[in-house]
Amino acid sequence: VLLEGTDFRWTGKVDAEEILSVAADRDPSLLGPNTIRAMLGEGDARRLAQMMSGANVLFPAFYKLLAHPMWSVRLGAMAAFEHLVEEDPKLAAAAAEKLWELYETATDDGVAGDALYLLGQTGRKDFAQRVRRAAESAQSPDVREAAADAADQLEAAG
């Protein structure tokens, strides 16, 4: 389904309410997690990053994919975030608090480590000590390593 005059396109199983909502408001931040997941599955991580940059907001449903239990789904969302870091570093930096929240609420070590990895990409030096403390206290060796790497990256941020 294409929405004329916009950059919106849906494939696969489509939520009619979502299409109507996005069509009425022309607001891409209303895209649901299934639509965003389909975009990522089609290799549109860069386009998603551009859409979020253009709207000047990380879409709420995007955060759900960053916390998804399936690594392949998170990987697609992480690729979009990395494109966002290149495209709009200020918007990526604004996600730091939400990424920290994803880390703190993660029930899966993979989600926790990935949230810390992305936090390291934000360039937010003000999070370096918090992340360093996470590196010292994490139970999982993988999470400790991700936290230490992220803290190093944040401390080195220019």
Exercise for the section: Answer yes or no: is there a side-chain heavy-atom contact under 4.5 Å between L118 and Y103? Expected result: no
Handout entry: Check ion pair K98-E101 (N to O, under 4.0 angstrom)
Key = yes
Exercise for the section: Mind running side chain to side chain contact (heavy atoms under 4.5 Å, CB included) on L84 and L48 for me, showing each step along the way? Expected result: CA-CA 9 Å; L84 185 69; L48 177 61; over 6 Å; no
Practice task
Check R132 against A148 and note the closest heavy-atom contact, atom names and distance.
Solution key: NH1-O, 3.9 Å
Exercise for the section: Please name the pair of heavy atoms, one in P33 and one in A61, separated by the smallest distance, quoted to 0.1 Å. Expected result: N-CB, 3.4 Å
Exercise for the section: State, yes or no, whether a side-chain contact exists between E86 and R46 at a heavy-atom distance under 4.5 Å. Expected result: yes
Practice task
For residues A80 and A49, report the shortest heavy-atom separation together with the two atoms involved.
Solution key: O-CB, 3.5 Å
Practice task
State the CZ-CD distance between R144 and E136, to the nearest 0.5 angstrom.
Solution key: 11.0 Å
Exercise for the section: Can you measure from CD1 (I36) to CG (D44) and round to the nearest 0.5 angstrom? Expected result: 12.0 Å
Practice task
For the residue pair L119 and F127, establish whether any side-chain heavy-atom pair is separated by less than 4.5 Å.
Solution key: yes
Fill in the blank from the handout: Between A134 and A147 the two heavy atoms that sit nearest each other are C-CB, 4.0 Å
Handout entry: From CA spacing to verdict: side chain to side chain contact (heavy atoms under 4.5 Å, CB included), L99, Y117
Key = CA-CA 9 Å; L99 291 169; Y117 165 77; over 6 Å; no
Completion exercise
Rounding to 0.5 Å, atoms CD (E87) and CE (M52) come to a distance of 10.0 Å
Practice task
State which residue, out of L65, L66, V111, fulfils the side-chain contact (heavy atoms from CB on, under 4.5 Å) condition with R74.
Solution key: V111
Practice task
Following the transitive rule for hydrophobic clusters with a side-chain heavy-atom cut-off under 4.5 Å over Ile, Leu, Val, Met, Phe, Trp and Tyr, establish whether M70 and M78 coincide in one cluster.
Solution key: yes
Handout entry: ILVMFWY network linking F59 to L75, side-chain heavy atoms under 4.5 angstrom
Key = no
Exercise for the section: Step by step, work out the side chain to side chain contact (heavy atoms under 4.5 Å, CB included) result for E42 and R47. Expected result: CA-CA 11 Å; E42 293 173 1; R47 191 173 110 198; over 6 Å; no
Problem - Side chain to side chain, D142 and D109, heavy atoms closer than 4.5 Å - result: no
Practice task
Identify the two heavy atoms, one from T122 and one from A92, that lie closest to each other, and give their separation to 0.1 Å.
Solution key: CG2-O, 3.5 Å
Exercise for the section: Could you tell me whether E104 and R130 make a salt bridge, using a distance below 4.0 angstrom between a side-chain N and a carboxylate O? Expected result: no
Handout entry: Any Q50 side-chain heavy atom under 4.5 Å of S53 side chain
Key = no
Problem - Shortest non-hydrogen separation from W71 to D114 and the atoms involved - result: CD1-OD2, 4.0 Å
Practice task
State, yes or no, whether a side-chain contact exists between L58 and L91 at a heavy-atom distance under 4.5 Å.
Solution key: yes
Fill in the blank from the handout: CD (Q121) and CG (L154) are apart, to the nearest 0.5 Å, by 9.0 Å
